[in-house]
Structures are given as structure tokens and as C-alpha cells.
Amino acid sequence: MEYSFYDFLKLLGSLALFLYGMKIMSEGLQKFAGDRLRSILTAMTTNRVTGVLTGMLITALIQSSSATTVMVVSFVNAGLLDLAQSIGVIMGANIGTTVTAWIISALGFKVDVSAFSLPLLAIGIPLLFSAKSTRKSVGEFIFGFAFLFMGLNLLKVNAPDLSENPDMLAFVQNYTDMGFLSVLLFVLIGTVLTMIVQASAATMAITLIMCANGWISFELGAALVLGENIGTTITANLAALTANTQARRAAMAHLMFNVFGVVWVLLLFKPFLGVVDWIISDVMHVSEAEGVAVSFKLSAFHTCFNVCNVLILIWFVHFIEKTVCKIIPQKEQEEEYRLQFINGGLLSTAELSILQARKEINLFAERIQRMFRMVRDLLHTENENDFNKLFSRIEKYENISDNMEIEIANYLNKVSEGRLSSESKLQIQEMLREVTEIESIGDSCYNLARTINHKRSGGIDFTENQYEHIHQMFRLTDNALSQMIELVEDTHHQVDINKSFNIETEINNYRNQLKNQNIVDVNNKAYDYQMGVRYMDLIGECEKLGDYVVNVVEAHRDVKNKKAS
């Protein structure tokens, strides 16, 4: 009993190493690759066909569809691939994994990528301790990659060793003569086996042994292969447990893709097997030598199944995307960083490109106001767990705003390289100014959140009067942001711009009034000096935020004036 429990702990430990590898690999990618890897992957997955080819190539090279789909999930988690691109790569991975079956059939061995894990750690360790942040990120990525493969390998090693003891499965002979029910039963056995062993290649080896020994027919071997295709999706879904919504959707798309394939092949089971039989016997002329023909037939079945499935479903990528989005809805508190109106493809006409960028800036401004309102909520969040969640969400928004600024600015710079009217060029300059200032508002919001966090960790609290003044300042700042959004979204220039300047004057006057009052209150011992510092930090940051808002308004006004002249 102790031994089996120890075995179970080893299995859990292997899974932990695998998930940890996936996590730090994803983080390393985010830090280092950001824009470069996104542009490479976007280039490689410009359409469905290139996405499928990319998935095939990667899987054929690393000999593990599980590893490819886990990598794809981590790329989606890191925001380097979108959902539609990831579905194409996963489809390709399913074809790439069939190479393994052919190698097992022809040569009887599998390239062990986990053998490179320790040398990879040796390469990664000097990078991990490097002073340069990019090298450190590469080191993290290498460590994550190595841990991921070590975890996958340990999962196979510590799983119940079925491939070494095929006699354990001899009992299945009792269930081979129930007609189509046997086929369904073997699909289920294949699924469960692959879920336990965590590698479709290992289950494929078991299937080949069983067929070669004549325990089961080619028909039931094919049913096991179908089950393996469902079971292998569990690895990606396990990896997605720690990931964000988009990554969970990518893993779900993998499961849907394979389940759909299994369903239609089961409906056409006999004719499909007949075609595979004909390919091996009449086209490839493989002799009926004991065990050889059946292993080639199984490999051919595996390949035909996945290729046909991809050929059918490649036309329904967007439908699959919509379906998984409905199955796994976006969590309210989870923000995905994705530009909605600007895509990574070819630029459209200059005017349309400017319009797309304008819509993106509107969205950016709305996101920043949402971030400010979170800061307002943070001030009155008492529960520690809720406070930490909200604070980390504000941190995430800060990263999102940094990324949005870079992406929109890069896009506008690309647009400005084209043939533009002088009016459009001026418009782009002012839009770049707006984007920079909106990002600065995001920085101010983050600074406010950090001040509230310091106040909380210092164990001090504001007086009732201070809270009232902070609330009033927050109200004025929120009004300024609302007015800014109205102006930014006002294409017909009907909103009165003076309102923004009036609110800014009000914020400045109120800050000066509170600054003077604070000196008096500290001197009168109404509260201590440290609390006064935190209090004025909040008030001062709100005033600074108001300045950035006015800068956005002025940039927008300049566009309006230049258009008019």
C-alpha cells in the first residue's frame, strides 16, 4: 500500500514538473520574445494552411503531439498566437504525430527528446544568472522547455507500466466478439490508456504489440487508435488548467477536433478500413507477413484519419473558434490583451487604417478608465484575498496598457510610411501623442494602486476627512476621464472641449487647497507625518493624471483645428 501511494506521489510530482515547465516557459517567452516571436509565428501562421504545416513540422521534429499542443497552449497563454492560429497549428500537430507510428512500424524506436533535457539545463543555467534581462528570459524559457520534457518523460516512466506488460491486457480478448459494441469499447479503452500513459506513441506501441500478437484484429486496433486521439488531448487540457481563458479554449478546440474526427470515422468505419486496406495491400504492396502488414495498416489508418479530419475541418476554423468561445466564456475579471480593430495582416488603405487605429485608441481610453475605477474600488477592499486579486488585476492592466501603446504606435508608424496626405500625416502625429498620454494615465493608475498597497501594508488608515477629500478628488478625476473618452470618440466634434479644461482647473485648485490643509493638519497632530505623505501621494498623483488627460484632449483639439484650417 505504501509503495503504491509513493508511486502515486511520483506521478503527481511528474505532473507538477510538467505544469511548472509549461508555466516558466510561457513566462520566459512573454518576457523575451514578445514582439519578435509574435511576428515570426504570425508569419508562419498567416493562414490555415501555413498554420497546419507549422504544426506538422514542429511535431514531426520533436516527435510528440502532446508537447506541440502544450507549446501552442503556452504561446496562446503568452498572447503570441490567437485562437484561430492555434487551431491550425493543433490540426497540423495531429498529422505530425502520425510520423511516430510509421517510425515505430518501420524501425521500432522513438527519438527521446527528454534525453536533451539535462544538457539543456546546462546551457540554460549561465543564462539564468546573467545580468542582461533578455538572456535571463532565454534561460527561463530553456529551463521551462527542459522541465516540460522531463515532466512528460517522468509521466511516462511513473505511469503504470502497461507497455512492458501487455499480458495485463490479454483479458481484452474476452470482449472482441461483440460486433460494433466491441469497437466502441476499444475506443474507450484507447482513450483511458492514453490518459493514463500520457503519450499516444506509447499507447500506439501497445496497440501494435497486441495486433502483432494476434490478440485483437486490425479493426479493434484501429478503434484503439481512435481512442488514443481523444486521450492525447488530455495533456493539453491539463497544461491549460493553469493558463488563461484563451489557452483553455485552444485546448478545448483540440479535444473538439479529435472527438468530431472519431465520430465521423466511426459512422464510416467499415468503408474507411477498406480504403486503408487497399492503400497498404494494392498501392504500397506490403506483404502479408505476420505482424508487419497489420502494423503498417495501423500507421496508415492513423495518418489517413488525421489527414482526412484536417481536410474536412480546416474550412471550419472560425466555427470551431466561435463554439469554444461559447463553451468557455470570458471570465469577467480576466482581461485578454488583444487588439480588436487592428490585425497583424496587410495594411488596408491609409484612411481605413487610420480609422481602425482611432477605434483602437477609443478602446484603449475606455480600458484605462476601467483601470482607474478598479483603483477606486481597491481603496475600500478590506478582505486580503480580494485586495490581492484586484491589485494583481490592476498590474495586469498596466502591462496591457504598455503593450497596447507599443502595438498601436507600431501600426501608426507603418501607416505613416505609406503615401498619405499632409492632413493624414498630422493626424497620425497627434494620435501617437494621444496613445503616449493614455499610457501615462495607466502608469498613474498603477502608482495610485501601489500607494494604496503601501498604505495597507504599513497598517495605517486615513481619517474620515481624508477619505472624503480622496473621494472628491477621485470623482473629479473620473469626470475628467469620462469627458476625455467623449472627446476621443467624438468624430463630429460636437462635444464642448472647454468642459475638460474646467475640470482640470478644478482638480488643480482642489489639490492646492488640500496641500495647504495637509500642512496645517500635520502640525496640529490630526494625523502623523507618514499618513500625510501617503495621503498627498494619492492627491498629487490624481492631479498628475488630470494633466495627462488634458494632454490627450489638447492632442485631439489640435487634430480638429488642423482639419478645420
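Quick note: residue numbers are just sequence positions, from 1.
For the residue pair Asp461 and Tyr467, a side-chain donor N or O sits within less than 3.5 Å of a side-chain acceptor on the partner. A side-chain donor-acceptor contact under 3.5 Å links Glu504 and Asn508. Side chains of Gln369 and Ser482: a donor-acceptor N/O pair is present below 3.5 angstrom, by distance only. Between Glu395 and Tyr446, the side chains place a donor N or O and an acceptor N or O closer than 3.5 Å (distance only, hydrogens not considered). Checked by atom type, the side-chain pair Ser500/Gln483 shows no donor-acceptor distance below 3.5 Å.
The CZ atom of Arg511 lies 11.5 Å from the CD atom of Glu541; values are rounded to the nearest 0.5 Å. Taking CG from Asn465 and CG from Asp521, the interatomic distance works out to 7.5 Å, rounded to the nearest 0.5 Å. Taking CG of Asn524 as the reference point, atom CD of Gln517 lies at 8.5 Å (rounded to 0.5 Å). Distance CG/Asn551 to OG1/Thr436: 10.5 Å, rounded to 0.5 Å. Note that CZ of Arg373 and CG of Asp478 are 4.0 Å apart. Values are rounded to the nearest 0.5 Å. Rounded to the nearest 0.5 Å, atoms CD1 (Ile400) and OH (Tyr397) are 6.0 Å apart.
With Asn516 contributing its side chain and Asn512 its backbone, the two residues share a donor-acceptor pair below 3.5 Å. At least one donor-acceptor pair under 3.5 Å links the side chain of Arg456 to the backbone N or O of Thr381. When atom types are taken as modelled, the side chain of Arg534 and the backbone of Thr451 share no donor-acceptor pair closer than 3.5 angstrom. Looking at Asn453, its side chain never comes within 3.5 Å of a backbone N or O of Ala449 through a donor-acceptor pair. At least one donor-acceptor pair under 3.5 Å links the side chain of Gln466 to the backbone N or O of Thr463.
Between Val317 and Met91, some side-chain heavy-atom pair lies under the 4.5 Å cut-off. You'll find the side chain of Asp402 reaches within 4.5 Å of the side chain of Glu398, heavy atoms only. The closest side-chain heavy-atom distance from Ile438 to Glu405 is not below 4.5 Å. Residues Leu127 and Lys136 fail the side-chain proximity criterion, which asks for heavy atoms closer than 4.5 Å. Annotation: side chain of Arg376 is not in contact with side chain of Thr477 (no heavy-atom distance under 4.5 Å). Arg135 is not listed as a side-chain neighbour of Val138, based on a closest heavy-atom distance of 4.5 Å or more. Within the 4.5 Å cutoff, no side-chain heavy atoms of Asn518 are placed close to those of Leu514. Between Gln513 and Asn509 the shortest side-chain heavy-atom distance does not fall below 4.5 Å.
The minimum heavy-atom distance linking Met473 with Cys542 is given by the pair CG-CB, 3.5 Å. Here the closest heavy-atom approach between residue Ala365 and residue Met484 is recorded as CB-CE, 3.9 Å. Taking both residues in full, the closest heavy atoms of Gly442 and Ser401 are given as CA-OG, 4.4 Å, listed atom of the first, atom of the second, then distance. A pairwise comparison of heavy atoms in Ala122 and Ile125 identifies O-CG2, 3.5 Å as the closest pair. Between Ala253 and Ile87, the shortest heavy-atom contact is CB-CG1, 3.7 Å. Closest heavy-atom contact between Ile507 and Gly546: CD1-CA, 4.5 Å.
For the pair Lys455 and Phe462, the cation-pi criterion (under 6.0 Å, within 45° of the ring axis) is fulfilled.
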Exercise for review: Report the C-alpha separation of Arg367 and Met371 in whole Å, then their side-chain angles, then the decisive distance to 0.1 Å, and conclude whether the side-chain contact (heavy atoms from CB on, under 4.5 Å) test is met.
Suggested key: CA-CA 6 Å; Arg367 257 188 181 159; Met371 184 181 179; over 6 Å; no
Practice item. Could you check Leu448 against Leu545 for side-chain contact (heavy atoms from CB on, under 4.5 Å), going step by step and ending with a plain yes or no? Key: CA-CA 10 Å; Leu448 286 167; Leu545 195 154; 4.2 Å; yes
Exercise for review: Apply side-chain contact (heavy atoms from CB on, under 4.5 Å) to Asn362 and Ile485, showing your working.
Suggested key: CA-CA 7 Å; Asn362 296 350; Ile485 288 167; over 6 Å; no
Practice item. Evaluate side-chain contact (heavy atoms from CB on, under 4.5 Å) for Ile142 paired with Leu121, printing each intermediate quantity in order. Key: CA-CA 7 Å; Ile142 290 171; Leu121 291 177; over 6 Å; no
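A salt bridge between Glu434 and Arg358 is present, with a side-chain N of the basic residue lying under 4.0 Å from a carboxylate O of the acidic one.
Aromatic ring pairs are classed by plane angle as parallel below 30°, tilted from 30° to 60° and perpendicular above 60°; the pair Phe391 and Phe387 is parallel. Under the 30°/60° scheme for interplanar angles, the aromatic rings of His469 and Tyr535 are found to be tilted.
Each of Asp377, Asn383, Asn385 was scored for a side chain to side chain contact (heavy atoms under 4.5 Å, CB included) with Leu390, with one residue passing: Asp377.
Taking the six-membered ring where the residue is Trp, the centroids of Phe474 and Phe372 are separated by under 6.0 Å.
A search for ring-ring contact (aromatic ring centres under 6.0 Å, His included) contacts involving Phe364 returns nothing, not counting sequence neighbours.
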